[in-house]
J.: 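Here you go, one structure.
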Amino acid sequence: IVFCLPVPDLSNRLQVTLTLLLTAVAFKFVVSDSLPRVSYLTILDKYLLLCFAFLYTVTLECGLVTLLDNETMVLVDRCFALGAIVLLLIWHLFIFMYVRSVLRDRAQKKSRTEHEGTAL
């Protein structure tokens, strides 16, 4: 969304990215209250940490790109936007494959346990 706004419009771009960041923090608090407390990072924790890192990077890019001249500013912003889209697609594909693998392993383990229980 932020890459659709004009590059020199720093206040609106920062408003969007910081609103998304605050929304992610609020989501983290809401979700953490409804999940059991564990001593390790869950898949959701890792996903949200990557979301925070991505949003921080986009916020930083929005601020730093305005220090460049107009022609370079637009080019750098477009390259960053393209890179961000590619990175998000790869990242979500990896998360999807990882979660699918974990769920398949759990199902196989459960199936083996049930099979061993009926064999006895």
Side-chain angles (χ1 to χ4, degrees):
I1 295 173
V2 72
F3 299 112
C4 296
L5 297 171
V7 180
D9 192 5
L10 180 61
S11 62
N12 284 336
R13 289 172 67 115
L14 288 178
Q15 180 181 4
V16 169
T17 58
L18 293 175
T19 300
L20 288 171
L21 193 57
L22 289 173
T23 304
V25 170
F27 178 75
K28 171 76 172 133
F29 280 123
V30 168
V31 168
S32 67
D33 284 343
S34 47
L35 294 175
R37 301 218 184 268
V38 292
S39 61
Y40 55 90
L41 289 176
T42 64
I43 295 171
L44 181 61
D45 292 329
K46 293 174 187 176
Y47 181 82
L48 287 174
L49 284 174
L50 286 172
C51 285
F52 292 144
F54 181 78
L55 288 171
Y56 286 132
T57 305
V58 170
T59 303
L60 189 63
E61 186 270 343
C62 287
L64 291 178
V65 77
T66 59
L67 300 174
L68 304 170
D69 61 86
N70 284 340
E71 191 174 301
T72 309
M73 178 188 312
V74 173
L75 178 64
V76 168
D77 191 62
R78 286 184 182 160
C79 290
F80 187 85
L82 180 63
I85 290 169
V86 169
L87 181 65
L88 280 175
L89 289 174
I90 291 170
W91 171 27
H92 281 92
L93 181 64
F94 173 76
I95 291 290
F96 171 76
M97 291 176 4
Y98 178 73
V99 168
R100 193 175 83 178
S101 168
V102 168
L103 292 176
R104 187 176 351 136
D105 290 347
R106 286 183 186 171
Q108 287 175 351
K109 185 178 179 182
K110 183 179 179 182
S111 174
R112 271 186 270 142
T113 305
E114 289 174 354
H115 179 66
E116 289 170 2
T118 57
L120 297 177

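For the numbers below, each heavy atom of this structure counts, side chains included, while hydrogens, waters and symmetry mates do not. Keep in mind that what you see is a predicted model, and the values were worked out from it rather than measured. Residue numbers count from 1 along this sequence.
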J.: Closest heavy-atom contact between Asp33 and Arg37?
T.: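 Taking every non-hydrogen atom into account, OD1-NH2, 4.2 Å.
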J.: Any chance you could lay out the side-chain contact (heavy atoms from CB on, under 4.5 Å) test for Leu67 and Leu64, step after step, and finish with the verdict?
T.: CA-CA 6 Å; Leu67 300 174; Leu64 291 178; 4.0 Å; yes
J.: For the atom pair CG (Leu41) and CG (Leu48), what is the distance rounded to the nearest 0.5 Å?
T.: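 Leu41 CG to Leu48 CG: 10.5 Å, rounded to 0.5 Å.
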J.: Is there a path of hydrophobic side-chain contacts, each under 4.5 Å between heavy atoms of I, L, V, M, F, W or Y residues, that connects Val76 with Leu14?
T.: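 Different clusters.
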J.: Would you check if Thr72 and Leu75 make a side-chain contact, meaning some heavy-atom pair closer than 4.5 Å?
T.: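 Answer no - side chains too far apart.
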J.: Could you tell me which non-hydrogen atom of Met73 sits nearest to which non-hydrogen atom of Val7, and how far apart they are?
T.: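 For Met73 versus Val7, the nearest heavy atoms are CG-CG1, 2.9 Å.
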J.: Over all heavy atoms of both residues, which pair between Leu10 and Cys62 is shortest? Give the atoms and the distance, please.
T.: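 Looks like CD1-O, 3.2 Å.
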J.: Please round to the nearest 0.5 Å and tell me the distance separating atom CZ of Phe54 and atom CG of Leu49.
T.: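 Between Phe54 CZ and Leu49 CG, I get 15.5 Å after rounding to 0.5 Å.
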J.: I need the full list of ring pair (Phe, Tyr, Trp, His ring centres under 6.0 Å) pairs touching residues 61-89, with sequence neighbours left out, sorted by first then second residue.
T.: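 Passing the test, one end in residues 61-89: Phe3-Phe80.
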J.: In the single-linkage hydrophobic clustering (I, L, V, M, F, W, Y; side-chain heavy atoms under 4.5 Å), do Val25 and Val2 co-cluster?
T.: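 Result: yes, single cluster for both.
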J.: What pairs of donor and acceptor atoms, side-chain ones from residues 88-103 against any protein atom, are under 3.5 angstrom apart with sequence neighbours left out?
T.:
from	atom 1	to	atom 2	distance (Å)
His92	ND1	Leu88	O	2.9
His92	NE2	Tyr47	OH	2.6

J.: Considering residues, nucleotides and ligands other than Glu71, do more than 12 of their heavy atoms fall under 6.0 Å from its CD?
T.: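 Incorrect, the count does not exceed 12.
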J.: Check Thr59, Asp77, Thr66 against Arg13 for a side-chain hydrogen bond (donor to acceptor under 3.5 Å, both in side chains) and give me the one that passes.
T.: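 Considering Thr59, Asp77, Thr66, a side-chain hydrogen bond (donor to acceptor under 3.5 Å, both in side chains) with Arg13 is found only for Asp77.
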J.: Under a 4.5 Å side-chain heavy-atom rule over Ile, Leu, Val, Met, Phe, Trp and Tyr, are Leu82 and Leu87 clustered together?
T.: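 No, separate clusters.
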J.: Rounded to the nearest 0.5 Å, how far does OG1 of Thr17 lie from CD1 of Ile1?
T.: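 If I round to the nearest 0.5 Å, the distance is 11.0 Å.
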J.: Answer yes or no: is there a side-chain heavy-atom contact under 4.5 Å between Val58 and Leu20?
T.: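 Contact flag for Val58/Leu20 side chains = no.
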J.: Under the side-chain contact (heavy atoms from CB on, under 4.5 Å) rule, what do Leu50 and Lys46 come out as? Steps first, then yes or no, please.
T.: CA-CA 6 Å; Leu50 286 172; Lys46 293 174 187 176; 5.6 Å; no
J.: Flag the pair Lys28 / Asp45 as yes when at least one side-chain heavy-atom distance between them is below 4.5 Å, and no otherwise.
T.: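 Lys28 reaches Asp45 side chain to side chain.
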J.: Does some side-chain heavy atom of Leu44 sit less than 4.5 Å from a side-chain heavy atom of Leu35?
T.: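 Yes, at least one pair of side-chain atoms sits under 4.5 Å.
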